[in-house]
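Presented below is the structure to which this report refers.
Read the numbers this way: they start at 1 and go in the same order the structure lists the ligands and their atoms. Everything numeric here is computed off the predicted structure, so don't read it as measured data.
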Amino acid sequence: MMESRKTFAIISHPDAGKTTLTEKLLYFGGAIHTAGMVKSKKSARQATSDWMEIEKQRGISVTSSVMQFSYNGYHINILDTPGHQDFSEDTYRTLTAADCAVMLIDAAKGVETQTIKLFEVCRMRGIPIFTFINKMDRDARDPLSLLEELEEVLGIRSCPMNWPIGSGIDFHGIYDREKQHVELFKRSEPNSRRILPVFTNDNGDQEVKSTIGDALYGKLEEDVELLDIAGDPFDKEKVDRGQLTPVFFGSALTNFGVQSFLEYFLDLAPAPAPRESDKGVITPDNNKFSGFIFKIQANMNPAHRDRIAFLRICSGTFTRGMTVQHVRTGKKIKLSQPQQFLAQERNIVEDAYPGDIIGLFDPGTFRIGDTLVEGNTAYTFAGVPHFSPEIFARVRAKDAMKYKQFHKGVEQLTEEGAVQLFTTAGPGADNMIIGVVGQLQLEVFDHRLRAEYGVEVEIHTLGYSLARWVKGDVKLEELNLIQYGGSLLARDREGRPVVLLENDYAERWAKEKNPDVEFVSTSYE
Ligand code: G4P
C-alpha cells in the first residue's frame with residue numbers, strides 16, 4: 001500500500017500552467033472527466049477585499065487542497081499550494097507535507113520569483129525536485145540556457161530526461177534520451193501519441209526526419225551528443241537528495257509530454273519518507289498510526305463556522321473512528337469524520353495510509369505542527385517551522401475597551417497559524433506586530449477579528465519585507481543593524497530573536513556587519 005503512494009506538490013510562479021498541468025494529471029488518473037473542475041479556480045482568482053469573495057476563494061481552494069488519483073497501480077496525492085492572491089504561509093507549510101515536488105517552469109520566462117521562494121523551502125527539506133518545462137508549443141527560450149538558469153539561480157544541477165525539438169510554431173516534439181525515441185507533436189491532434197525511434201535509419205527514423213526537417217534533425221543529433229558528453233549524467237541518489245533535478249519538456253495545455261512525464265515521475269518519485277521525531281526516526285512501516293497537522297483552514301463552509309485541520313499520515317493505518325493521542329495535550333481523540341478532498345467534493349475517509357492527507361474537523365483543538373499517534377507511546381514530529389513573512393503590521397483594537405477580546409483573538413489566530421505574532425520591546429498594546437506572507441492573509445485576519453471576536457482593529461502596515469531569525473551567541477542589542485527604519489528587533493511567539501528588515505540590502509548589511517551571527521529565513525532549529 002505504502003510503496004505505491006506518491007505525495008507531491010507542484011511549485012511554480014502564477015501562470016506557468018499549474019492548474020492546466022494538474023488538470024491533465026487528474027485526467028490521466030480518471031479522477032475528472034470534464035476539464036472544467038479544476039479550472040473553476042480561475043473564476044475565483046479576481047480576489048477583492050470583499051469577504052464573500054475571500055470566502056469563495058478560500059472555499060474553492062480548500063476543496064482542491066488535496067487531489068487524489070490513481071495511475072498504473074500508484075495512488076497519487078497532489079497537494080495544492082495556494083498561489084496568486086491567496087499565496088500565504090500555508091503555501092510553504094504544505095510543502096512540509098510533501099515527499100517531493102514538481103517544479104513547473106514557463107519555457108519563455110524561466111525561473112521566476114515565486115518559484116525561487118518555494119524552491120528554497122523544498123531545498124531546506126532536501127526533497128527530490130522534478131522539473132517540467134512547460135509551454136513548448138509557444139516560443140521558448142533556448143533549452144540549454146534554461147538549464148543554466150536552474151543552476152545559476154537555484155543552484156541545482158539538472159539532467160534532461162527528454163529534449164525538445166524546436167519550440168513555438170516550430171515545435172515538433174520531444175526526444176526521450178533513455179528510450180531513444182521521439183514523441184512527435186501534432187498541434188491538430190493533441191491527444192495522439194506518435195512515438196518513433198530515431199538515429200536508426202529505419203522507416204520510423206526517416207519519417208521523423210521528413211517530419212521535422214533536416215535542420216532540426218541535425219540540431220537534435222548535435223544537442224543529444226552534447227548532452228551525453230557535457231551534461232550531468234542521471235544519478236538516482238542525487239535526485240533522491242534533491243541535488244539533481246530530472247528535467248522534462250512539454251506542453252500541458254496541448255497535453256503533450258504529460259503522460260510520459262507522469263510515468264517517469266511515478267517511477268522515480270520517492271515513497272512516503274521516514275520522519276524525524278523527538279524519539280528518533282519514525283518509519284512509514286511502523287504499524288502504529290501517526291501524523292502531524294500542517295495546515296488549519298477556518299471558515300471553509302460559511303454555513304458552519306468549522307475549521308479543518310489537515311493531517312499528513314506518517315505511519316500505520318488510519319481507520320475511521322479510531323482513537324488517537326493528541327500528544328501536545330495528552331488527550332485521547334476519536335477521529336470520526338475525517339475527510340478527503342477531491343476537486344469540489346468532500347468525501348468521508350474510511351481508511352488511509354502513510355503519504356495520505358486527511359482533513360479533521362477541528363473545534364479549536366489543534367495547532368500547526370501537532371502530532372497525533374495511536375497507542376500510548378508519545379513522540380512529537382519535528383515541528384512545522386515559521387517562514388519569513390513579507391508584510392508586517394502593527395495592530396491594535398480601535399476600541400480600547402475591547403482589549404481583552406482583541407488579545408484573545410490575536411492569540412487564537414496566531415495559534416492556528418493564520419498570522420505570525422512578533423513583539424517588540426516596550427509596554428502596552430503597541431508592541432504587537434503581525435506578519436503575513438500574503439495580502440489576503442491580512443484581510444482574513446481583519447475580517448475574522450471582527451466576525452468572530454467582535455473587535456474592530458487598526459492595522460498599520462510597516463515598511464519591512466522580511467524577517468530573519470537570529471542564530472548565534474549574541475546579545476540582541478549589540479547587533480549592528482542598518483538604522484533609520486531599515487530594521488527592527490523583535491521576538492517571535494516562542495521568544496526567539498528576530499530582526500525585521502526593510503529589504504535585501506538591509507539583510508546583506510546585517511550579514512556583513514555581524515559575521516558571527518546567522519540570519520535565517522525560517523524558524524527551523
Ligand atoms: P497557473 O495555474 O499556474 O496560474 O496557470 P494556468 O494553468 O491557469 O495557466 C495560465 C495560462 O497559461 C492559461 O492561459 C493556460 O491556458 C496557459 N497555458 C498553460 N499551459 C500551457 C501550455 O502548455 N501552452 C500554452 N500555449 N499555454 C499554456 P490563459 O489565457 O490565462 O487562460 P485560458 O483563458 O486559456 O484558460
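Inclusion of P14 in the set of residues having an N or O under 3.5 Å from an N or O of ligand 1 is not warranted. For a threshold of 3.5 Å applied to N or O pairs, the pair formed by K135 and ligand 1 contains at least one separation below that value.
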Return all side-chain donor-acceptor pairs below 3.5 angstrom for residues 158-171, not counting sequence neighbours, or 'none' if the list is empty.
| unit_1 | atom_1 | unit_2 | atom_2 | d |
| --- | --- | --- | --- | --- |
| N162 | OD1 | F249 | N | 2.8 |
| W163 | NE1 | D223 | OD2 | 2.9 |
| S167 | OG | A140 | N | 3.1 |

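By the criterion of a heavy-atom distance under 4.0 Å, both the backbone and the side chain of D15 are placed next to ligand 1.
Against a heavy-atom cut-off of under 4.0 Å, K18 is close to the following atoms of ligand 1: 1 (P), 2 (O), 3 (O), 5 (O), 7 (O). Below 4.0 Å from some heavy atom of T19 lie the following atoms of ligand 1, by number and element: 1 (P), 2 (O), 7 (O), 8 (O). The ligand atoms of ligand 1 that sit less than 4.0 angstrom from a heavy atom of T20 are 6 (P), 7 (O), 9 (O), 15 (C), 19 (C).
Using bins of under 30°, 30° to 60° and over 60° for the plane-to-plane angle, the ring pair Y264/F248 lands in the tilted bin. Between W469 and F422, the ring planes lie tilted relative to each other; the angle falls in the 30° to 60° range.
For the 3.5 Å distance criterion, the side chains of S12 and T115 fail to qualify, holding no donor opposite an acceptor.
The two residues E149 and K109 come nearest to each other via the heavy atoms OE1-O, 4.4 Å.
Under the salt bridge (charged side-chain N to carboxylate O under 4.0 Å, His left out) criterion, the residue pairs touching residues 151-162 are E151-R157, R157-D232, with sequence neighbours excluded.
The option from L104, L253, D139, T254 that lies nearest to atom 27 (N) of ligand 1, judged by heavy atoms, is L253. Nearest to atom 20 (N) of ligand 1 by heavy-atom distance, out of D80, N134, L21, is N134.
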